[in-house]
Amino acid sequence: VTDWRALLAERLSPARRAHSERVAAIAADLARRHGVDADKAALAGLLHDLCRELSEPELEAVAAAAGITAEVPAVLHGPVAAYLLQRDYGLADPEVLAAIDRHTTGDPEMTPLDAVVFVADLAAHGFPDLAQGDLWPAVLRALAIQLGYLLERRRPIDGRAIRTWNALLARGMLGAGGVGRG
Ligand SMILES: [Fe+2]
Ligand SMILES: [Fe+2]
């Protein structure tokens, strides 16, 4: 059994580890409120940024070897972490792996567990209001914040994030209050 916190200490700065612990705690809380497995949410939250401090060339090298593709290299740290956790560290739970994989862009097929981790990540990044209220409208608000940030800075947007946005709208996930101010 892997000591996850020892692994995080090898790969992440203290600040990033503190972020990981916050995401784990928020994700577990969200999971309990939305009927999702809190242990899986906490584990995915803890490990989601395992590869966040790899360089772009390092991420791209692992991704190429694993057959992982993305339009924007920055989003690779989610899928690459899921791949390495499964290959090298014995993490076998496909739901936890998917939530880690999907935390950077969401996914058109995202599940409630994926949604909890996605929202918890952005809540921990300075948007605590996202952790209130209904789950799927919060995912849309979180995506709107991310996409708006990239648009304003004239940065590229990965197609998977766009597909997620469109899929959630098509699934009627706006909620009663609409997207709100995001
Ligand atoms: Fe991340
Ligand atoms: Fe994060």
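Counting convention: from 1, in listed order, for ligands and their atoms alike.
In this structure, CG on Asp121 lies 9.0 Å from OG1 on Thr104, to the nearest 0.5 angstrom.
Within a 6.0 Å radius of CD in Glu109, other residues, nucleotides and ligands contribute 12 heavy atoms or fewer.
Under a 4.0 Å N-O distance rule, the pair Glu21/Arg5 qualifies as a salt bridge. Using a cutoff of 4.0 Å between basic side-chain nitrogens and carboxylate oxygens, Arg16 and Asp49 are not scored as salt-bridged.
Counting only protein N, O or S atoms closer than 2.8 Å to the Fe ion (ligand 1) gives 3.
At least one side-chain heavy atom of Leu97 sits less than 4.5 Å from a side-chain heavy atom of Leu85.
Tested against His77, the residues Glu53, His103, His48 include a single side-chain hydrogen bond (donor to acceptor under 3.5 Å, both in side chains) partner, His103.
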